Visitor: 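Provided herewith is a single structure, encoded as structure tokens, for subsequent inquiry.
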Amino acid sequence: MIGALLFRDIRLATRAGGSAALALAFFAAVATLVPLGVGVDLKLLMRVAAGVLWVAAVLAALLSLDRLFQADFEDGSLDVIALSPLSLETVAAVKIAAHWLTTGLPLTLLSPLLGVMFGLPPEAVGVLTLSLATGTPAVSAMGAIGAALTMSIRRGGLILPLLVLPLLAPAVIFGAGAVQAALDGLSSGALLFLAAFAVVATLLSPFAAGAAVRLNLAG
Amino acid sequence: MTTVQYLDIQKLTCIRGQRVLFRDLSFRVDGGQVLSLEGPNGAGKTSLLRVLAGLLPAAGGTVALVSGRGAETDADERGRRVAWLGHNDAAKPQLTPREVLMFFARLYGTRADIDAVLASVGLAKIANLACGYLSAGQKKRLALARLKVAERPVWLLDEPLSSLDADGRKRALDLVNGHVMFGGIVIAATHEPLGVASERLTLGAAA
């Protein structure tokens, strides 16, 4: 039952018109545009790389989050899913997992290439990739709360970033901070803080998102 | 499929946006019975169905699903015994009818014969065509097929006959008749006669 929902959401995201490729393209496009705007000062690019890539990754993931529940809500699928043996909390957790597998994971896998493009040294590229691997589940999880809250609002996609971006500030601070520390040759606990944030966000958000879905179905 | 003896509704009250849709509504539907909900637009037919499914909390009253295992009044548990057909058809434009039914069968944990169900609603020929290309009537047929796949004792149908042609209506009624023949319960909100032997409940008559 869990597998059925996971498999379907992944299939919907990767099929023509799906959101997976879109998020990846957006991430690459932003990362390519920034050097064009900043100029070819390699030292400067290296300093801003982690921040730019983290912000681009968060925005790319948000791009597809607004439809996480809304698409199923609008076409009636969510009613039928709500009556399945799965609890709404489980449904939310599965949808978060599917979203991460189709956006967070591909973004993480592409990030080393973009890190090199920004002139990051190998060890900093490693930390960047590790920080995205640790932090993007939190992005999907926190985003799911916003997506569940805004699913019945017509232009919910515009409100979603306002709700979710402040909640994701810790991920960006610790994620980019870990890369900066690696660049400066310092040891820092940023990755550990990021991991702690991700664990808490990922464990708690299915309950919040499930409750928000229940509220919207009854609305 | 677990059988249900009857559905017992006592003093059910539903309030939507500070408007009382119905108050102290009591009725009973036995296994093997079809109940058609009638009433003007806005009388609360869809809301009543959503309350019965446990999707919408009632402002008062109880809904008990009585089976051999006793009376079940918990809304979430009741939802596990209900197959739902809403006015949206839950057909994803990117997926084919077969994929949609396979998904719901696996989600509900049933082993329905998908090909046989597709044939029974007349969708066998377009089973592998993306739902985005289906007409409104074909999507409704797919929604009807989903009821069969769900293998649940209580069917809650919101306008099951809308946008269906004569052949589609006949197949829909065959499905309904087949379901009640095996002791299932069907509650359908309609604006037109269902065309099967049914009890009637009229909402909002005084409004």
Side-chain angles (χ1 to χ4, degrees), chain A residues 1-22 64 67-95 97-98 102 148 151-152 154 207 210-219, chain B residues 14-17 46-47 49-59 75-96 99-110 130-132 139-140 142-143 145-147 149-152 154-156 158-159:
Chain A
M1 294 162 197
I2 288 175
L5 186 60
L6 186 71
F7 183 67
R8 181 197 79 139
D9 270 31
I10 291 174
R11 186 182 254 179
L12 284 173
T14 50
R15 213 163 252 195
S19 54
L22 210 69
S64 53
R67 299 295 290 168
L68 192 65
F69 293 102
Q70 197 175 47
D72 283 337
F73 178 67
E74 283 172 356
D75 70 12
S77 300
L78 202 57
D79 287 332
V80 186
I81 291 171
L83 296 175
S84 77
L86 302 178
S87 68
L88 288 175
E89 287 74 21
T90 312
V91 169
V94 172
K95 281 189 160 284
T102 53
M151 73 185 189
S152 60
R154 252 184 171 280
F207 295 96
V213 170
R214 188 167 289 120
L215 216 68
N216 268 310
L217 283 179
Chain B
C14 181
I15 300 172
R16 302 282 281 163
T46 300
S47 295
L49 287 174
R50 291 187 79 81
V51 170
L52 293 181
L55 291 169
L56 182 67
D76 281 345
E77 281 307 312
R78 197 164 66 242
R80 310 279 176 268
R81 313 270 195 92
V82 161
W84 176 261
L85 185 145
H87 49 83
N88 291 320
D89 296 313
K92 287 275 168 226
Q94 304 99 313
L95 301 181
T96 68
E99 286 168 341
V100 169
L101 291 185
M102 292 272 275
F103 162 61
F104 283 117
R106 288 180 58 206
L107 183 69
Y108 278 49
T110 70
C131 290
K139 282 184 198 158
K140 186 64 84 179
L142 180 59
R146 210 182 58 231
L147 295 171
V149 165
E151 296 181 356
R152 298 277 177 88
V154 180
W155 286 9
L156 301 177
D158 198 358
E159 297 292 345

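Lettering follows sequence order; numbering is per chain, from 1. These figures come from a predicted structure and were not determined experimentally.
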Visitor: By a 4.5 Å heavy-atom criterion (distance strictly below it), what part of A:I81 contacts chain B: side chain, backbone, both, or neither?
Guide: both
Visitor: If you look at every heavy atom in A:A4 and B:R106, which pair is closest and at what distance?
Guide: CB-CB, 3.5 Å
Visitor: Which pair of heavy atoms, one from A:V80 and one from B:Y108, lies closest together, and at what distance?
Guide: O-OH, 2.6 Å
Visitor: For the candidates B:V51, B:L56, B:L55, B:D89, which exhibits the highest count of non-hydrogen atom pairs separated by less than 4.5 Å from chain A?
Guide: B:L55
Visitor: Ignoring hydrogens, what is the shortest heavy-atom contact between B:R152 and A:P85? Give both atom names and the distance.
Guide: NH2-CD, 3.8 Å
Visitor: Which pairs count as salt bridge (charged side-chain N to carboxylate O under 4.0 Å, His left out) when at least one residue sits in residues 210-219 of chain A, sequence neighbours excluded?
Guide: A:E89-A:R214
Visitor: Just how far is it from atom CG of A:D79 to atom CG of B:L49, taken to the nearest 0.5 Å?
Guide: 11.0 Å
Visitor: Keeping the roles fixed (side chain from A:R8, backbone from B:F103), state whether a donor-acceptor pair exists under 3.5 Å.
Guide: no
Visitor: Working to the nearest 0.5 angstrom, can you tell me the gap between A:L83 CG and B:L107 CG?
Guide: 10.0 Å
Visitor: For B:L95 and A:R11, which heavy atoms make the closest approach, and how far apart are they?
Guide: CD2-CD, 3.8 Å
Visitor: Working to the nearest 0.5 Å, report the span between OG of A:S84 and CH2 of B:W84.
Guide: 15.0 Å
Visitor: Sub-3.5 Å donor-acceptor pair from the side chain of A:D75 to the main-chain atoms of B:K92, do we have one?
Guide: no
Visitor: Under 4.5 Å heavy-atom distance to chain A, tell me which part of B:R50 shows up: side chain, backbone, both or neither.
Guide: side chain
Visitor: Please rank B:R146, B:E99, B:H87 by heavy-atom pairs under 4.5 Å with chain A and give me the top one.
Guide: B:E99
Visitor: Given the options B:A130, B:G109, B:G79, which has more heavy-atom pairs under 4.5 Å with chain A than any of the others?
Guide: B:G79
Visitor: Measure distances from B:A150 to the heavy atoms of chain A and classify the residue's part below 4.5 Å as side chain, backbone, both or neither.
Guide: neither
